[in-house]
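Here the structure comes first, spelled out in structure tokens, and everything after it is commentary.
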Amino acid sequence: MTEQKQLTGTNRLELKTLSELSGMDFIIKDYQRGYRLSPVEVERLLDDFAEFIKRNKKEGEFYCLQPVVVRKIAENRYEVIDGQQRLTTLNLLLQYLSDRIKILFSSFRLYGIEYETRPESREFLSNIKSPNVNAEAYIDFYFMNAAYLTIASWFDENSNDTLRNNMLMALLETEKSEDGDNSDKANNIRVIWYEVAEDETSSSVDIFTRLNIGKIPLTDAELVKALFLSRGNFGNSDAELRKINLSTEWNLIEQHLHDESFWHFLNRSNNPLKYSSRIEFIFDIISGRTQKSRKYHTFDIFQQLIASEGAEKVWLKVKQHYNLLNEWYMDRELYHIIGYLLEQGVKVEELMDEWSRCDKTQFRHLYLRSKVSKTVSGIKIPELSYDSRSEVKKVLLLFNILTVLQKDNSDMRFPFNRFKTEKWDIEHVCSQTDRTLEKSGISMWCKDILEFYLSAFTPDALEETVRGAGYDSGLENDLLAVASLYKSDKPDKDAASDLFSKFQKRFNEEDASIPDKDNISNLALLDYATNRSYGNAFFPIKRKRIIENDSNGVFVPIATKNLFLKYYSPRVNSLENWTEEDGNHYRDAIEKTINDYIIPENHE
């Protein structure tokens with residue numbers, strides 16, 4: 001009795017009872033590894049089955065094994081792409097119980113298994129009960145025999161005839177529902193059956209590879225959905241309605257998680273866990289999955305939770321987690337502070353646990369401030385330099401976020417989606433004195449200089465435009481030299497360096513203007529594209545580009561924009577250069593903004 005599940009766009013994913021494998025023939029190709037299940041793993045599987053058998057169960061509740069992925073070769077003949085360890089172990093267990101099968105399930109024919117690299121494997125498995133079986137012929141046979149002996153020993157030590165019979169009933173019993181919906185009311189053991197569509201053109205090796213790197217839609221989320229939608233989880237009277245409600249709620253959550261602003265608020269930029277179904281992020285929070293967790297960890301945990309607590313109670317827990325994340329997202333302060341903490345590696349589970357334990361005002365004004373304080377603990381802001389870019393980036397990110405929060409009457413939000421999907425960098429406000437122009441950057445630098453002084457020009461009339469601009473002879477000559485360099489197919493690097501030095505003096509960006517150009521007082525947070533486009537530019541040129549970007553809707557971090565508008569300088573003598581005094585005021589603003597928010601280390 002198969003429960004079809006519309007989970008992947010086709011009817012390829014379904015739950016199968018072991019009785020439905022009757023008479024099938026499986027072949028395991030040479031790209032697969034041989035049978036290697038250890039006695040400990042076999043015992044663990046048997047213990048899980050025994051626990052399921054003993055548990056008080058409602059109608060239709062089942063134990064679900066991890067997926068078996070197959071491709072149909074002929075009628076009742078399948079190539080196994082994934083799951084051969086499970087199929088072989090179940091075959092060994094059924095071989096052990098074969099005498100009882102003949103009595104209780106006489107119509108069942110045990111499925112056959114053949115490992116392509118070991119043609120004798122089919123016969124070996126069929127004769128595994130024989131005392132004369134040659135288990136030393138191949139390493140695969142050794143492990144198969146060890147698994148069979150483990151099964152026999154486990155039953156001898158842990159069971160009696162009643163448990164043997166109950167185990168067999170859990171393996172093979174089915175009970176068709178009387179209401180005609182073809183569901184199975186029996187409490188049995190089932191497998192997730194994923195059959196590759198006939199029109200799938202990829203080779204089995206390709207599918208195997210894609211499966212094991214998570215590139216086909218056989219995810220924990222899809223498998224958990226199969227568990228949730230099993231008929232046994234709902235009362236018969238309104239089962240279909242409740243399934244529809246759950247599916248609708250599932251889709252709404254998934255849809256909101258595809259809002260990039262919401263999603264990147266929750267996920268740090270270097271999260272090693274990737275998701276094709278984003279609701280799985282919530283499942284992973286509940287299951288405690290990490291990068292080191294075994295395959296289908298979340299599926300296994302949810303199977304246990306649904307079995308012990310019931311599907312509707314577990315689904316309620318999923319919705320509660322989602323609602324809390326959404327509550328944080330909608331709250332402007334929590335959005336910014338929690339978004340910052342998550343980007344620094346604080347676990348969302350940790351924040352949720354604390355939220356459930358403490359007073360909400362305390363969570364907001366004490367706990368979160370304390371967590372933020374720890375992220376910058378030990379950092380001496382006035383001493384930060386370009387050599388400590390990771391710390392500078394963290395401090396500038398926090399400064400930008402707190403600056404946004406200071407605007408109480410604004411609905412402005414720091415766009416974590418932009419910050420986390422684009423490459424962000426630390427840029428010098430005033431160009432470095434020792435910065436030299438690489439040949440690849442000479443043309444861009446020349447263009448920046450010409451656009452700053454001429455606003456608009458065409459290459460054909462460039463010299464005429466320079467002469468007609470009305471500048472003094474010294475600047476005019478320098479601009480003509482820049483124009484010549486700009487139009488050259490092979491610009492001279494030494495000539496470019498000489499011009500760079502001349503204009504550096506014109507913009508007051510020589511050594512004397514900023515004593516320590518690597519200090520945080522001369523550093524700003526910028527997206528990678530903008531940074532690279534004017535890495536060698538001077539302050540007024542950068543300022544012009546920042547204003548253009550902002551007016552064109554390109555995101556510019558608020559503190560970076562404030563810097564180039566000299567918002568932090570109480571007296572603005574000139575907008576054409578960045579002075580040591582400007583840098584000091586900027587650095588002081590960073591330190592004050594952060595220190596006003598964090599909790600001092602000696603705070604009790």
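Counting begins at 1 with the first residue of the sequence. These numbers come from a predicted model, not from an experiment. Below, all heavy atoms of this structure are taken into account, side chains as well, without hydrogens, waters or symmetry copies.
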Original post:
What do you reckon, are the aromatic ring centroids of Trp328 and Phe265 less than 6.0 Å apart?
Top reply: no

Subject >> Glu260/Arg278 under salt bridge (Lys or Arg N to Asp or Glu O under 4.0 Å): CA gap, chis, key distance, verdict >> reply: CA-CA 11 Å; Glu260 297 302 304; Arg278 291 185 173 180; 3.1 Å; yes

Original post:
So, does Asn577 use its side chain to make a donor-acceptor pair with the main chain of Pro540 at under 3.5 Å?
Top reply: no

Original post:
Mind checking whether Phe416 and Tyr340 have ring centres under 6.0 Å apart?
Top reply: no

Original post:
Within the side chain of Ser373, is there an N or O that forms a donor-acceptor pair under 3.5 Å with the backbone of Ile599?
Top reply: yes

**OP:** Taking Asn326 for its side chain and Tyr322 for its backbone only, find out whether a donor-acceptor pair lies under 3.5 Å.
**Re:** no

Subject >> Donor-acceptor contact present, side-chain Gln32 to main-chain Ile81, <3.5 Å >> reply: yes

Original post:
Is the side chain of Asn417 donor-acceptor paired with the backbone N or O of Ser261 at a distance under 3.5 Å, no angle test?
Top reply: no

Original post:
Going by atom types only, do Asp284 and Tyr275 share a side-chain donor-acceptor pair under 3.5 Å?
Top reply: yes

**OP:** Could you walk me through whether His428 and Leu523 pass side chain to side chain contact (heavy atoms under 4.5 Å, CB included), step by step?
**Re:** CA-CA 5 Å; His428 289 82; Leu523 301 174; 3.8 Å; yes

Original post:
Which atom names give the shortest non-hydrogen contact between Val318 and Ile282, and what distance separates them?
Top reply: O-CG2, 4.0 Å

Subject >> Salt-bridge criterion met for Lys347 and Glu354 (N-O under 4.0 Å) >> reply: no

Original post:
Between Asn562 and Tyr567, is there a donor-acceptor pair closer than 3.5 Å when you use the side chain of the first and the backbone of the second?
Top reply: no

Subject >> Donor-acceptor contact present, side-chain Thr375 to main-chain Val372, <3.5 Å >> reply: yes

Subject >> salt bridge (Lys or Arg N to Asp or Glu O under 4.0 Å), paired with Glu581, selected from Lys566, Arg571, Arg587 >> reply: Arg571

**OP:** Would you please say whether a donor-acceptor pair under 3.5 Å links the side chains of Asp582 and Thr579?
**Re:** yes

Subject >> Under 3.5 Å donor-acceptor, His336 side chain and Arg332 backbone >> reply: yes

Original post:
If we ignore angles and hydrogens, is there a donor and acceptor under 3.5 Å between the side chains of Thr458 and Asp460?
Top reply: no

Original post:
When the aromatic ring centroids of Phe503 and Phe538 are compared, is their separation below 6.0 Å?
Top reply: no

Original post:
Angle class for the Phe228/Phe283 ring planes (parallel below 30°, perpendicular above 60°, tilted otherwise)?
Top reply: tilted

Original post:
Heavy-atom count around Lys274 NZ within 6.0 Å, excluding the residue itself: above 12?
Top reply: yes

**OP:** Apply side chain to side chain contact (heavy atoms under 4.5 Å, CB included) to Met330 and Tyr335, showing your working.
**Re:** CA-CA 7 Å; Met330 296 302 294; Tyr335 164 83; over 6 Å; no

Original post:
Ser269 and Glu343: side-chain donor and acceptor closer than 3.5 Å?
Top reply: yes

Original post:
Between Phe399 and Tyr568, how do the two ring planes meet: parallel, tilted or perpendicular, split at 30° and 60°?
Top reply: tilted

**OP:** Could you verify whether a donor N or O on one side chain and an acceptor N or O on the other, from Arg268 and Asn271, lie under 3.5 Å apart?
**Re:** no

**OP:** Would you check, one step at a time, whether the test side chain to side chain contact (heavy atoms under 4.5 Å, CB included) holds for Phe507 with Trp578?
**Re:** CA-CA 9 Å; Phe507 289 116; Trp578 183 252; over 6 Å; no

**OP:** Give a yes or no answer on whether the side chain of Ser388 reaches the backbone of Leu384 with a donor-acceptor pair at less than 3.5 Å.
**Re:** no

Original post:
Has the side chain of Asp550 got a donor or acceptor atom that lies under 3.5 Å from a matching backbone atom of Ile546?
Top reply: no

Original post:
Is the closest basic N to carboxylate O distance between Asp448 and Lys544 below 4.0 Å?
Top reply: no

Original post:
Within 45° of the axis and under 6.0 Å from the centre of the six-membered ring of Tyr329, does NZ or CZ of Arg413 qualify?
Top reply: yes

**OP:** Indicate the atoms forming the closest heavy-atom contact of Asp492 with Ala495, along with that distance.
**Re:** OD2-N, 2.7 Å

